[in-house]
Structures are given as structure tokens and as C-alpha cells.
Participant: 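Please read through the structure below; I'll follow up with questions.
Chain identifiers are assigned alphabetically (A, B, ...) following the order of the sequence lines, protein sequences preceding nucleic acid strands; residue numbering begins at 1 within each chain. In this text the structure is predicted, and so the values were computed from the model without any measurement.
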Amino acid sequence: MRQFIGAILFAASATLGCIAPSTSMAQPLRLEITDGVIEPLPFALPTFISETSNAGEMAQQISGLVADDLRGTGLFRQIQPEAFISQISAFGAPVQYPDWRAINAQALITGAVSVSGNGRVTVKFRLYDVFTGSELGQGLQFVGTTDGWRRIAHKVADEVYARITGEGPYFDSRVVFVGETGPKENRAKRLGIMDFDGANVQYLTDSSAIVLAPRFSPDGERVLYTSYETGFPRIYVLDVGRVSRRALDVPDGSMSFAPRFAPDGRTVVFSLTTGGNTDLYTLDVRTNARTRLTSTPAIETAPSYSPDGRSIVFESDRSGSPQLYIMPATGGEARRISTGAGRYGTPVWSPKGDLIAFTKQNRGRFHIGVMRTDGSEERLLTASFLDEGPTWSPNGRVIMFTRETQGANGAPALYSVDISGRNLAKVRTQTAASDPSWSPLQR
Amino acid sequence: MKTLTKSALLIAGMSLAACSNGTLFGSGGGIGGSGNGAFGANGGVGVSALDPASVGYFNETVGNKILFDVDQSTLNASGRSILDGQVAWLRANPAFIAVIEGHADEQGTREYNLALGARRSNAVREYLVSQGIAGTRLRTLTYGKERPIAACSTESCYAQNRRAVTILSGSGTS
């Protein structure tokens, strides 16, 4: 795992061109992502030029994946190559803007791929604003290994997405999840990690014990999760690179679950159950200093830090039913933020800090929703028999979650949805899967 | 009618005996499996292991499982009655210890159901302790919604899944 990630060294900042980006863009290519209906932006992506004789297949694959990433957002529409008037014969050749305008391409993405004898792949790309007839940003090149070609493609797509939307990117990211097999009464569960699009799956545990709800550290290098390997639920922290793990220091005879890292990557907030009562605690993973944050006879669970680390949103049934509350990260008075009908759970603070994603259960249906941090502007994004456990994309535009079908043969799968509620899509997994946690953008 | 009842009893007894190897004694470790109990749909015909000091007797005749209302962890009359039987059995068989599993149905988030299962197992433990069973013999465990015994997604299954199960372990030589 470590080697896989570490081996891919990107010269991301090695800009290619001598051509400065155009500063005279009258109507710059820009897709404003609003909550209104969006007409997908049409783009042309001619298959990247292969600049070495052995790069043809790689050029096909990388071009295809860049296009898949962009299309998968629901924000872009790919113009089929059959419609092209111009062909891109060489990476440096001048762009015939009228030919691309004629087929209504707003963005043109060109690229070139070369593969060296020692298995290094170099991908160059440029993004053009067809209507203003200028390049949008500078050409870039990425260098990686042949087996890391998907990451290179995601990096290219990330650049294109970020330049056109003005938002942060999210394609070069990973998801840790629970892979599930076997009957509902005796489900076998194991931790898996994969690219955000379901590729490159690796398993991090076997399925000899139930594992639940993995959560990435802020740097994406460690994962907190709950395992029953002692027979009782207990939190572990796993080093993704080394695939080594250790148990968090909790009192004997207690049960612990629902962990999440603070933005400092050192403090863990979690639920600890003693005497049947579940409260929130923090643990400093270096010193093992434990602090109790709540002391009520109610259930307090599913805590999540604000990005600035100063507040924690969590779920409590102190009012009689599960609702969402925010309190200072050091504990203290909590204010309720959920006010609608139904039961609320698993709140997760958005990366930008402006929204809380949550699970809502109302009148026999489950929803994933978002609300502002003061509880206002609640919007439900999904509805099904059982949706739960949202996790944010690194840029805060997309939410992934678990959707479980009903009945004796029901099984969970991972889905993603735009925070506008559009573009609901199933994430490709090898087996049934649950409890996704989205990593930060990889470096 | 009389013969019919007798043969039904015989068949039920045979089928129970057939599965008793796996069900009655298999979960002696207490941790690996969730106690399903063998006391099932046998049409009200009482069938039980003969040895009152056996785990099988405890699971079937005393009853190792009690049920809860939606979202509740309070014991109802039927639950208390079963637990009274568990108290008597545990008093008579002091070499046994128990893990009390708390479970929830699938309506609810994973985290909340873990906490709810913990409440249920603790409610059982507290009752047993209040009736004189040493707390050191009883450990609580929650499975939340991870180990349903009934897989359907209707109340008939949910009602069976909202449960606390007392899983015995120990040598049994008292």
C-alpha cells in the first residue's frame, strides 16, 4: 500500500509551456455551481497523443478516465469524437478554435503521453476556453509510474475541474469502507480501501471479526475503526501504509466506537460506553490522556469536528429522540441544531465548515441531508428504505453514503450524490459495501 | 388428538436434538456468535434439555433471550419473568458466567444502535445484579444492528431483533 502511493512522484508543479495564460478573457470559461439546474458544460477531449511508440494504450486509458471523471460529476458533457471537425495531430499544434466552436465545445482538453523505458509515464495537458479562443491556465505535466496511471488521469481531471468550476478538486482521492459478504444474520465484514471511483481495491483486514465505520485521519495516512476482534467493540488506529494497527487506550470492560480524528490528527473523539451509558470522550493518541466531554444519562455518539477544530457536532437523544447538537471541542454546553420532524444521526461537518451532512429517519424512510451549522436551510438529498453515514468529498461538493436495500436479501452499497441533490450514482464495489470515509486529496 | 400431540412432541424433540450440537453448546465461548436460542416455533409444545444444569436447559427452558419495544431499553413484565428464571438458574449454577448481548433492529443508524444495544444489555445486567447475581459474573456487549436473528424488514422480524441474549460460559461443574 505504502509503496503504491509512495512510488508515484508527481512533478505537478513542473509547468510545461512558455505561453503565459491569457489575461484578456472577455468571458472566461467558468461553470458556476449553484443549486439551480445546471446545463452540463460540453467539452471535447481528443484522445491524448502518444509521443512514444509504446504509449498508445496508456494514452487511450488516461484520456478515457479523464473524461469519465468529468462526466461523472454530472456537470460536464462529453462531445463524441465523431463530431470533431479538427483533429489534434500534435500536442503543440495551434488550436483551430472555429472548428471546436462549430461543434459547441466550450472546453477543449488536449494532452500527450509518453512512456519511458523504465516504466515512467509523462502526461502533458492543456485546457482551452474555446469561446474566448484562449488557453485556460497553463499547460501542466505529471510524471508517474505506469501502474499509477489512474492517479495521473485523476490529477489531470482535477486540474480541469478546478480551473473551470473554481472549486477545489476531488478525483485524486481514496475511500476506506467496509466490504460485506454473507447472509444478513451473519455478515462478514472487512476494511477495504479504494480510489474514489471504486478502482484499485485493497483489503486492510480479514473478515474474522466485525469491523465498522472506518474514518480517515486528516492526512489520509491513518484510519480509525471499530473492531470486535476481542469480542467487544473497540477502537483501533491503522497505519494505511504499513497495514499495522493498535488499539486505542480505553478502560477495561468498556466498549468504544464512533471515533473521528480532530483536525490536529492527534486527538480522537469517540463514544465510550460504561454501565450502559454512552458518552463522548477525547483521547490524545500520543499521551493517551483521556477527557470526558459529556456526562448525561442520554446516548451521545457520532461526533465530528468542525474544520477549525473548535466545535464538535454530535448526536444525542437527551431530548427523547436522536437529534443533532453542537458543543465546544472541550465539552460544555451544547445547542441543538436539528429542528425538523424525525430522528437525526451521524452528523458530519463539511470541509469548508459551512454545512453539516446528516442521516435523517422520518416516517419509515431514511434520508441523507445537509443543513447550515445553525440548523437552518435543511435540505434532504436522498430518500430510500435505509440511507446512512454521509462522508464529504475533499472539496465539499459531493457526499458518499451507505444505501441498504430491504428484506432478507437486502444488502448495502455505496452511493454518491451532489450536495445539490443531483447526480445520484452507485459507486462500483466488488462486494456489498458500507460505511465509506472519503480521504483528503492525495498529494 | 392425543396421538397427534404425542407424535408432534416426538418430532419436535427429534429436530431439536438434531440441531442441539450446534445450537445448544456451540456458543459456549459466548463471544463469537450471537445467541440464537433453540426455543423457536414449536407450536407451544414444551421441549427441553433434560439436565437442568446444562446450557441447553438455560437457553430453552429458562429462556436466554428477552425482547424490547421500539427504541426502548426498559424491561417489560415478560422480560422480567424470564430474567427471574435466569437469576434462579445462575444462583443454582454459580460456576457459570455470562455475557449479555444487546441488539437492535435495523431502523436506526449504526452508531445509535450500538449505544441502544448497550443500554439493553445493561438493563438486563442491572436487573440480574439487583436480584443478587454478582456483577463480576456478568459482562455486557452490544452488537447494535450487526447481528439480527430475523432477516426480513418488517415488524415481525424487527420485534425478534430488539433483544438481549444471555450467553453462558464456564465449566458448568458446580
Participant: Examine whether an atom of A:Pro303 lies under 4.5 Å from a heavy atom of chain B, and if so say whether it belongs to the side chain, the backbone or both; otherwise answer neither.
Facilitator: neither
Participant: Any idea which of A:Thr359, A:Leu386, A:Leu212 has the most non-hydrogen atom pairs under 4.5 angstrom with chain B?
Facilitator: A:Leu212
Participant: Measure the shortest side-chain to side-chain distance between B:Glu111 and A:Pro322 over non-hydrogen atoms and say whether it is less than 4.5 angstrom.
Facilitator: no
Participant: Between CZ of B:Arg110 and OG1 of A:Thr402, what distance do you get to the nearest 0.5 Å?
Facilitator: 6.0 Å
Participant: To check you understand the geometry: which heavy-atom pair defines the closest contact between B:Ala151 and A:Glu185, and what is its length?
Facilitator: CB-OE2, 3.5 Å
Participant: Out of B:Gly108, B:Gly144, B:Ala150, return the one with the most heavy atom pairs under 4.5 angstrom to chain A.
Facilitator: B:Gly108
Participant: Is it the side chain or the backbone of A:Ser271 that comes within 4.5 Å of chain B heavy atoms, both, or neither?
Facilitator: neither
Participant: Determine the minimum heavy-atom distance between B:Tyr143 and A:Tyr228, stating which atoms define it.
Facilitator: CA-OH, 3.5 Å
Participant: Give the minimum heavy-atom separation between A:Gly345 and B:Thr109, together with the two atoms involved.
Facilitator: CA-CG2, 4.3 Å
Participant: Can a salt bridge be assigned to the pair B:Glu106 and A:Arg187 using a cut-off of 4.0 Å between side-chain N and carboxylate O?
Facilitator: no
Participant: State, yes or no, whether a side-chain contact exists between A:Met255 and B:Leu114 at a heavy-atom distance under 4.5 Å.
Facilitator: no
Participant: How far apart are the closest heavy atoms of B:Ser153 and A:Gly407, and which atoms are they?
Facilitator: OG-N, 2.6 Å
Participant: Between B:Asn161 and chain A, with a heavy-atom cut-off of 4.5 Å, which part of the residue counts as in contact: side chain, backbone, both or neither?
Facilitator: neither
Participant: Relative to chain A, which segment of B:Thr142 carries a heavy atom at a distance below 4.5 Å: side chain, backbone, both, or neither?
Facilitator: both
Participant: Roughly how far apart are B:Arg119 CZ and A:Ile299 CD1, rounded to 0.5 Å?
Facilitator: 3.5 Å
Participant: As an exercise: rank B:Thr154, B:Leu116, B:Asn122, B:Thr140 by heavy-atom pairs under 4.5 Å with chain A and give me the winner.
Facilitator: B:Asn122
Participant: Any carboxylate oxygen within less than 4.0 angstrom of a Lys/Arg side-chain nitrogen, looking at B:Lys145 and A:Glu388?
Facilitator: yes
Participant: Decide whether a cation-pi geometry holds between B:Arg139 and A:Phe232; the criteria are a distance under 6.0 Å from NZ or CZ to the six-membered ring centre and an angle within 45° of the ring axis.
Facilitator: yes
Participant: For A:Asn409, does the CG atom sit with more than 12 other heavy atoms under 6.0 Å from it, leaving out its own atoms?
Facilitator: no
